[in-house]
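Worth saying up front: this structure is predicted, and the values here are computed from it rather than measured.
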Amino acid sequence: MHDDDYRKWREINWKRPLNASEKADLQEFLAARPQLSEDWQAEDKLSHLLARLPSVPLSSNFTARVLAEAQRAAAPERTTPWFWRGWRPRLALGLAMVGVGFFSFHEFRAMEQARAARALVAASRLAALPPIDWMHNFDTIQRLDKVKVADEELLSVLE
(Lines give C-alpha, C1' and ligand atoms only; values in the text may rest on other atoms or scores of the structure.)
Protein backbone atom coordinates (compact mmCIF):
# COMPACT_ATOMS: atom_id res chain seq x y z
CA MET A 1 0.00 0.00 0.00
CA HIS A 2 2.75 2.45 0.94
CA ASP A 3 4.70 1.69 -2.23
CA ASP A 4 1.59 2.51 -4.26
CA ASP A 5 1.35 5.88 -2.48
CA TYR A 6 5.01 6.62 -3.20
CA ARG A 7 4.54 5.70 -6.85
CA LYS A 8 1.44 7.90 -7.02
CA TRP A 9 3.36 10.90 -5.58
CA ARG A 10 6.17 10.36 -8.08
CA GLU A 11 3.72 10.29 -11.01
CA ILE A 12 1.96 13.41 -9.77
CA ASN A 13 5.33 15.16 -9.37
CA TRP A 14 6.16 14.31 -13.01
CA LYS A 15 2.98 16.03 -14.20
CA ARG A 16 2.67 18.94 -11.77
CA PRO A 17 4.08 20.18 -8.45
CA LEU A 18 2.61 18.59 -5.32
CA ASN A 19 0.10 20.63 -3.34
CA ALA A 20 0.53 21.33 0.38
CA SER A 21 -1.44 18.32 1.66
CA GLU A 22 0.41 15.94 -0.70
CA LYS A 23 3.75 17.38 0.41
CA ALA A 24 2.82 16.91 4.08
CA ASP A 25 1.79 13.29 3.45
CA LEU A 26 4.99 12.69 1.52
CA GLN A 27 7.19 14.20 4.26
CA GLU A 28 5.49 11.98 6.82
CA PHE A 29 6.01 8.95 4.54
CA LEU A 30 9.71 9.80 3.95
CA ALA A 31 10.31 10.36 7.68
CA ALA A 32 9.28 6.74 8.26
CA ARG A 33 11.51 5.52 5.38
CA PRO A 34 14.79 7.46 5.25
CA GLN A 35 16.25 5.18 2.55
CA LEU A 36 13.71 6.61 0.06
CA SER A 37 14.45 10.23 1.00
CA GLU A 38 17.55 10.47 -1.20
CA ASP A 39 15.71 8.85 -4.10
CA TRP A 40 12.86 11.35 -3.74
CA GLN A 41 15.24 14.32 -3.75
CA ALA A 42 16.87 13.14 -6.98
CA GLU A 43 13.47 12.45 -8.50
CA ASP A 44 12.17 15.89 -7.47
CA LYS A 45 15.20 17.71 -8.92
CA LEU A 46 14.93 15.82 -12.16
CA SER A 47 11.20 16.57 -12.45
CA HIS A 48 11.85 20.29 -11.90
CA LEU A 49 14.62 20.33 -14.52
CA LEU A 50 12.44 18.53 -17.03
CA ALA A 51 9.57 20.93 -16.36
CA ARG A 52 11.82 23.86 -17.33
CA LEU A 53 12.58 22.37 -20.74
CA PRO A 54 10.67 23.94 -23.63
CA SER A 55 7.86 21.93 -25.15
CA VAL A 56 8.94 20.61 -28.56
CA PRO A 57 6.46 19.26 -31.08
CA LEU A 58 6.87 15.56 -31.78
CA SER A 59 7.32 14.20 -35.27
CA SER A 60 4.41 12.34 -36.84
CA ASN A 61 6.23 9.00 -36.71
CA PHE A 62 7.55 9.40 -33.16
CA THR A 63 5.59 6.45 -31.75
CA ALA A 64 6.60 4.15 -34.59
CA ARG A 65 10.25 5.12 -34.18
CA VAL A 66 10.16 4.58 -30.41
CA LEU A 67 8.51 1.17 -30.79
CA ALA A 68 10.97 0.13 -33.50
CA GLU A 69 13.91 1.15 -31.30
CA ALA A 70 12.41 -0.72 -28.34
CA GLN A 71 12.01 -3.86 -30.44
CA ARG A 72 15.56 -3.53 -31.76
CA ALA A 73 16.89 -3.12 -28.23
CA ALA A 74 14.87 -6.10 -26.99
CA ALA A 75 16.01 -8.37 -29.84
CA PRO A 76 19.18 -10.34 -29.19
CA GLU A 77 22.12 -8.57 -30.75
CA ARG A 78 23.65 -10.42 -33.66
CA THR A 79 27.34 -9.90 -33.57
CA THR A 80 29.00 -10.26 -36.90
CA PRO A 81 32.75 -10.50 -36.86
CA TRP A 82 34.61 -7.40 -38.05
CA PHE A 83 36.13 -9.28 -40.97
CA TRP A 84 32.74 -10.21 -42.43
CA ARG A 85 31.35 -6.68 -42.71
CA GLY A 86 31.33 -5.18 -46.19
CA TRP A 87 31.89 -6.59 -49.68
CA ARG A 88 35.68 -6.85 -49.64
CA PRO A 89 35.91 -9.72 -47.15
CA ARG A 90 33.27 -11.62 -49.05
CA LEU A 91 35.12 -11.08 -52.31
CA ALA A 92 38.37 -12.22 -50.69
CA LEU A 93 36.68 -15.34 -49.35
CA GLY A 94 35.18 -16.09 -52.75
CA LEU A 95 38.54 -15.69 -54.48
CA ALA A 96 40.18 -17.89 -51.86
CA MET A 97 37.56 -20.58 -52.49
CA VAL A 98 38.14 -20.39 -56.25
CA GLY A 99 41.90 -20.63 -55.68
CA VAL A 100 41.51 -23.67 -53.46
CA GLY A 101 39.26 -25.22 -56.10
CA PHE A 102 41.83 -24.70 -58.85
CA PHE A 103 44.61 -26.03 -56.62
CA SER A 104 42.54 -29.12 -55.76
CA PHE A 105 41.78 -29.73 -59.44
CA HIS A 106 45.46 -29.35 -60.33
CA GLU A 107 46.46 -31.84 -57.61
CA PHE A 108 43.79 -34.28 -58.78
CA ARG A 109 45.08 -34.10 -62.36
CA ALA A 110 48.66 -34.57 -61.14
CA MET A 111 47.60 -37.68 -59.20
CA GLU A 112 45.82 -39.06 -62.28
CA GLN A 113 48.89 -38.43 -64.42
CA ALA A 114 51.10 -40.16 -61.84
CA ARG A 115 48.72 -43.16 -61.82
CA ALA A 116 48.83 -43.31 -65.62
CA ALA A 117 52.64 -43.11 -65.53
CA ARG A 118 52.80 -46.01 -63.07
CA ALA A 119 50.54 -48.05 -65.34
CA LEU A 120 52.80 -47.22 -68.30
CA VAL A 121 55.87 -48.30 -66.34
CA ALA A 122 54.18 -51.59 -65.46
CA ALA A 123 53.26 -52.13 -69.12
CA SER A 124 56.82 -51.36 -70.23
CA ARG A 125 58.11 -54.09 -67.91
CA LEU A 126 56.03 -56.56 -69.90
CA ALA A 127 58.07 -55.70 -73.00
CA ALA A 128 61.14 -57.22 -71.34
CA LEU A 129 59.47 -60.66 -71.23
CA PRO A 130 60.38 -63.18 -73.93
CA PRO A 131 58.37 -63.07 -77.13
CA ILE A 132 55.09 -64.89 -77.29
CA ASP A 133 56.07 -67.07 -80.27
CA TRP A 134 56.73 -70.05 -78.04
CA MET A 135 53.07 -70.04 -77.04
CA HIS A 136 51.81 -71.27 -80.45
CA ASN A 137 52.23 -74.84 -79.12
CA PHE A 138 50.66 -74.01 -75.78
CA ASP A 139 47.78 -76.45 -76.18
CA THR A 140 50.16 -79.33 -76.85
CA ILE A 141 52.31 -78.39 -73.89
CA GLN A 142 49.19 -78.06 -71.75
CA ARG A 143 48.12 -81.65 -72.62
CA LEU A 144 51.48 -83.21 -71.74
CA ASP A 145 50.52 -83.79 -68.14
CA LYS A 146 47.41 -85.69 -69.23
CA VAL A 147 49.32 -88.24 -71.38
CA LYS A 148 49.75 -91.64 -69.80
CA VAL A 149 53.37 -92.49 -69.26
CA ALA A 150 52.93 -96.13 -70.15
CA ASP A 151 50.22 -97.59 -72.30
CA GLU A 152 49.21 -100.69 -70.48
CA GLU A 153 47.26 -102.22 -73.36
CA LEU A 154 50.27 -101.87 -75.62
CA LEU A 155 52.51 -103.42 -72.98
CA SER A 156 50.19 -106.41 -72.51
CA VAL A 157 50.11 -107.06 -76.24
CA LEU A 158 53.86 -106.91 -76.47
CA GLU A 159 54.36 -109.45 -73.72
Considering all heavy atoms, the nearest [X]-[Y] contact:
X: Ser21; Y: Asn19; value: OG-OD1, 3.1 Å
X: Asn13; Y: Leu18; value: N-CD2, 4.2 Å
X: Ile12; Y: Glu22; value: CD1-OE2, 3.7 Å
X: Trp40; Y: Arg10; value: CZ3-CG, 3.7 Å

Do the non-hydrogen side-chain atoms of [X] and [Y] ever get within less than 4.5 Å of each other?
X: Arg52; Y: Leu49; result: yes
X: Leu30; Y: Trp9; result: no
X: Trp14; Y: Leu50; result: no

Q) Residues two or more places apart in sequence or in another chain: which of them pass salt bridge (Lys or Arg N to Asp or Glu O under 4.0 Å) with Glu107? A) none
Q) Residues two or more places apart in sequence or in another chain: which of them pass salt bridge (Lys or Arg N to Asp or Glu O under 4.0 Å) with Arg65? A) none
Q: Decide whether Val98 and Phe105 are clustered together by the hydrophobic rule: side chain heavy atoms of Ile, Leu, Val, Met, Phe, Trp, Tyr closer than 4.5 Å, transitively.
A: no
Q) Among the clusters formed by ILVMFWY side chains lying less than 4.5 Å apart, do Trp87 and Leu95 turn up in the same one? A) yes
Q. Between atom CG of Leu46 and atom CD of Glu43, what is the distance when rounded to the nearest 0.5 Å?
A. 6.0 Å
Q: Hey, could you give me the CD/CZ distance between Gln113 and Arg118, rounded to the nearest 0.5 Å?
A: 12.0 Å
Q) Would a distance-only check, ignoring hydrogens and angles, find a side-chain to backbone donor-acceptor pair under 3.5 Å from His106 to Phe102? A) no
Q) Any salt bridge between Glu112 and Arg109, counting N to O under 4.0 Å? A) no
Q.
Check Lys8 with Glu11, please: is the shortest side-chain N to carboxylate O separation under 4.0 Å?
A. no
(Q) Can you confirm whether more than 12 heavy atoms, excluding those of Gln35, are under 6.0 Å from its CD atom? (A) yes
Q: Look at atom CZ of Arg16 and say whether more than 12 heavy atoms of other residues, nucleotides or ligands are closer to it than 6.0 Å.
A: yes
